[in-house]
There are 2 protein chains.
Amino acid sequence: MNQPKTDPRILRTRKLIMDTFMELSGKKEFKDITVTDIAAEAMINRATFYYHFEDIYDLLEKVLSEVLVVNLDCSNYQDNELNEEVITSIFVAITNFQKSLSNRCHRGYEDTIARNIREQLEIIFYRMLLKQHKTEEDEGLKITAVILSWGIYGASVEWKRQSNKITPEEFIQLAIPHLLHKHDI
Amino acid sequence: MNQPKTDPRILRTRKLIMDTFMELSGKKEFKDITVTDIAAEAMINRATFYYHFEDIYDLLEKVLSEVLVVNLDCSNYQDNELNEEVITSIFVAITNFQKSLSNRCHRGYEDTIARNIREQLEIIFYRMLLKQHKTEEDEGLKITAVILSWGIYGASVEWKRQSNKITPEEFIQLAIPHLLHKHDI
DNA sequence: TTGGTTTTGTCGCTTATACAACACATTGAA
DNA sequence: TTCAATGTGTTGTATAAGCGACAAAACCAA
């Protein structure tokens with residue numbers, strides 16, 4: 001909560017770069033976007049890009065995280081209880097996110113995106129589990145988070161496969177009873 | 001045309017400040033807007049404001065100029081012929097500009113705005129007259145520009161007074177025949 | 001393959017912006 | 001009036017961002 005206040009210039013420039021990247025992603029495929037493009041479009045110096053990001057893959061990952069986190073913050077996952085409502089909203093957020101990406105970054109980087117989504121989920125689930133169990137570190141919870149993240153992510157893939165037949169909410173809620181009753185304390 | 005490329009940071013920050021000011025102008029009256037407000041809203045340091053502008057009046061004038069110039073650039077006054085078409089488009093630009101300001105900066109600063117509009121007009125007319133007459137400097141043309149600028153500005157005030165009765169285009173074109181035939185070579 | 005073009009990271013130096021502190025005005029309520 | 005709060009300009013110092021240049025890598029057509 002009490003971070004030492006990051007320099008506003010950093011926030012501005014990061015946002016500018018990320019926004020520009022997302023805008024470009026709407027026009028070209030990821031593989032055709034260069035750092036030089038981004039710098040030109042954002043009207044920043046290319047060196048400034050490297051001040052903030054390791055390379056373009058680093059940027060991609062951070063943008064994905066950001067968008068996911070924003071989506072998830074809109075829902076109320078901060079209640080930090082791993083209940084039906086939270087899982088549903090997370091699932092909806094993911095499917096929304098994937099829909100919003102469906103015209104961007106198509107070929108060749110689904111892998112990167114998928115990996116990133118799952119990793120983010122793992123982090124989120126782990127945090128929630130830790131809070132729920134009031135511990136500091138726990139290998140068991142870590143593994144649980146891995147399983148949950150893969151599971152939820154896989155569900156979103158499956159939902160996409162049979163899309164239009166059922167809403168994300170309905171879809172996930174078909175499974176929830178079977179999941180939660182096993183994990184409840 | 002070949003300026004030595006102003007630093008992109010300057011362009012960015014100036015635009016940010018101006019945009020923020022215009023946004024705030026939509027919410028408060030000019031007299032209630034402080035430099036501190038602008039800096040806070042734009043998330044820049046207050047000292048940065050003073051790096052670009054003398055004070056808030058300086059900002060106001062520059063914003064007005066900017067908006068006017070943009071309005072005028074949209075029309076085709078760069079054909080630098082002082083003909084019927086150009087005068088009409090300038091007049092329309094001014095009335096549009098005043099309409100767009102009607103909910104902002106009301107009480108107490110019509111004077112500043114008016115003065116600024118007229119000064120801009122004077123500059124524009126002088127430039128056009130110089131080009132038209134292909135001279136470098138001319139006291140007579142300068143005075144002519146003064147007269148034209150006051151005249152056109154006054155016309156816009158008069159039009160506003162009896163608004164809704166007639167379009168700006170029609171209004172100014174009632175006078176144009178009487179003006180141009182005297183100034184034509 | 002070759003060789004030309006583009007992109008990538010990185011570096012040293014300059015400049016714009018952040019921040020905190022300051023003295024001074026202006027305001028507004030007691 | 002007086003006092004407290006708020007706004008104004010300004011300054012010194014730290015840091016982010018700009019710029020040009022560079023070698024190396026990646027790309028691509030001949």
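Below, read A as the first sequence line, B as the second, and so on, with proteins coming before strands; counting in each chain starts at 1.
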Quick one: [X] [atom1] to [N] [atom2], roughly how many Å, whole number?
X	N	atom1	atom2	answer
B:I33	D:dT8	CD1	P	11 Å
A:D32	C:dT8	CG	C1'	17 Å
A:I56	C:dT8	CD1	C1'	11 Å
B:N45	C:dC19	CG	P	6 Å
B:I38	D:dG9	CD1	P	11 Å
B:L11	D:dC19	CG	P	10 Å

Starting from the 5' end of DNA chain C, give me the residue, B:A47 or A:F49, whose nearest nucleotide shows up first.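 Closest to the 5' end, via its nearest nucleotide, is A:F49.
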
Hey, is the main chain of B:V86 close enough, under 3.5 Å, to the side chain of B:S89 for a donor-acceptor pair?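 The answer is yes, because a donor-acceptor pair under 3.5 Å joins these two groups.
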
Compare side-chain N and O positions of [X] against OP1 and OP2 of [N] and report whether any pair is under 4.0 Å apart.
X	N	value
A:T48	D:dG18	yes
B:H52	C:dT17	yes
A:Y51	D:dA17	no
B:T13	C:dT17	yes
A:R12	C:dA18	yes
A:T34	C:dT6	no
A:Y50	C:dG9	yes

No-H, no-angle donor-acceptor pair, B:R46 side chain to D:dG7 base, under 3.5 Å: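 For B:R46, whose side chain was compared with the base of D:dG7, there is no donor-acceptor pair (under 3.5 Å).
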
Look at the side chain of B:R9 against the base of C:dT17 and say whether a donor-acceptor pair falls under 3.5 Å; ignore hydrogens and angles.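 Answer no: no donor N or O sits under 3.5 Å from an acceptor.
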
Would you say CD of A:E54 has more than 12 non-hydrogen atoms from neighbouring residues, nucleotides or ligands within 6.0 angstrom?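 No, because the 6.0 Å sphere around CD of A:E54 holds 12 heavy atoms or fewer from other groups.
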
If you look at every strand shown and take non-hydrogen atoms under 4.0 Å, does B:I44 touch a base, only sugar-phosphate, or nothing?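 Result for B:I44 = sugar-phosphate.
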
Testing the basics here: between B:I87 and B:I172, what is the closest heavy-atom pair and its distance to 0.1 Å?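 Here B:I87 and B:I172 meet closest at CG2-CG1, 4.2 Å.
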
Measure the CG-CG distance between A:L141 and A:L148 for me, rounded to the nearest 0.5 Å.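 Answer for the CG-CG pair, A:L141 versus A:L148, is 10.0 Å.
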
Calculate, to the nearest 0.5 Å, the distance between atoms CZ and CG belonging to B:F21 and B:L60 respectively.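 Spacing of CZ (B:F21) from CG (B:L60) equals 5.0 Å.
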
